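Below: the structure, in structure tokens.
Read the numbers this way: they start at 1 and go in the same order the structure lists the ligands and their atoms. Given the structure is predicted, the values throughout are model-derived calculations rather than measurements.
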Amino acid sequence: MSYTIALAGNPNSGKTTLFNALTGSHQYVGNWPGVTVEKKTGEYKKDTSIFFTDLPGIYSLSPYTLEEVVSRDYLLNEKPDAIINVVDASNIERNLYLTTQLLELGIPTVLALNMMDVVRKNKDRIDVAKLERDLGCKIVEISALKNENIDTLVNEAVRLSQKPAQLSFSEGVENFLSEIETMVPGLKSNPANRFLVVKLFELDSKIMDHYQLDKGEREKLQAIADRADAMYDDDTEGIITDERYTNITAIVGGAVKKGQTGLSTSD
Ligand code: GDP
Ligand code: MG
Ligand code: K
């Protein structure tokens, strides 16, 4: 039995540093099919039945950049056994925007809170237990650069077996999502149903094509989006972005206290 774990996260969150620490020289570098985006896979140094894929750095699972399309197609179609979501702990709020989307894919996910050495240096305080509770996913604090807690992280990722819990949107949005879920056959039974239904609400044409929606179904979706637009005075992508940030602000609010400001790893 082999086990495949995808490393996903924002650019500069430390994915490649972690990937190198996990795989050492057991790496294979190629390209993603049909595109010139580098694909790195490798075996765990300590157990060759565990495989890692270093996904391109992304801020969102939108269909707009090559990196986003490569990452989401891989996660939806290749169905890795688990995701390690690498998060820059010195920049949690921004990083969690992607996290809220990854958690909708229905793939067991552990959050690697990376750069904890920087957090300690900055004297920031992170209430990890609270974050874990509010996000509904397992968190392991690591430093990829200093090789801290890496094996614990892999053990957690291998032990995961459950789909992540789902964050809720406002009642109005949830009602629109339910309408769409009832409308598209086969959606409810897909493990990634939460992700897919949100993308259909956003009128994501790649997902509409994937479900081979006919003209009538596309018109129904458009009508739902128009009603949402009228109700929230925003297009459906904007509505979802706002709702994600509302959730993130509530989650991070009580859990992160900044110490010294102005120290960042990225500059
Ligand atoms: P990627 O874009 O997600 O693949 O990020 P990289 O692995 O290339 O890392 C981006 C930068 O962050 C590099 O300069 C790394 O050395 C640094 N970095 C990665 N992990 C850590 C960490 O745990 N602590 C510190 N201080 N720096 C890190
Ligand atoms: Mg990288
Ligand atoms: K950095």
Worksheet item: In terms of the angle between their ring planes, are F176 and F201 parallel, tilted or perpendicular, with boundaries placed at 30° and 60°?
Response: parallel
Fill in: Under-4.0 Å heavy-atom contact with ligand 1, by part of T16 that carries it
both
Worksheet item: Is it the side chain (CB and beyond), the backbone, both or neither of N114 that lies under 4.0 Å from ligand 1, heavy atoms counted?
Response: side chain
Within the structure, does [X] bring an N/O atom to less than 3.5 angstrom of an N/O atom in ligand 1?
{"X": "G14", "result": "yes"}
{"X": "L18", "result": "no"}
{"X": "K146", "result": "no"}

Worksheet item: Which atom names give the shortest non-hydrogen contact between L200 and L221, and what distance separates them?
Response: O-CD2, 3.8 Å
Worksheet item: Is E148 paired with R120 through a side-chain N to carboxylate O contact shorter than 4.0 Å?
Response: yes
Worksheet entry | Enclosure of R159 CZ (heavy-atom neighbours >12, cutoff 6.0 Å) | no
Item to complete: Consider only side-chain N and O atoms of Y59 and T65, and report whether a donor and an acceptor are under 3.5 Å apart.
Response: no
Worksheet item: Going by atom types alone, do D226 and Q222 pair a side-chain donor with an acceptor below 3.5 Å?
Response: yes
Worksheet item: Taking only heavy atoms of S143, which atoms of ligand 1 are found under 4.0 Å from at least one of them?
Response: 22 (C), 23 (O), 24 (N)
Worksheet, complete the sentence: If we number the atoms of ligand 1 from 1 as shown, the ones under 4.0 Å from a heavy atom of N10 are 3 (O)
Worksheet item: Would one find an N, O or S atom of T17, in either backbone or side chain, under 2.8 Å from the Mg ion (ligand 2)?
Response: no
Worksheet entry | Closest to atom 19 (C) of ligand 1 (judged by heavy-atom distance), picking from N12, L7, T17 | T17
Worksheet item: Contact between G57 and ligand 1, counting heavy atoms under 4.0 Å?
Response: no
Fill in: Point-to-point distance, once rounded to the nearest 0.5 Å, from NZ of K199 to OG of S205
11.0 Å
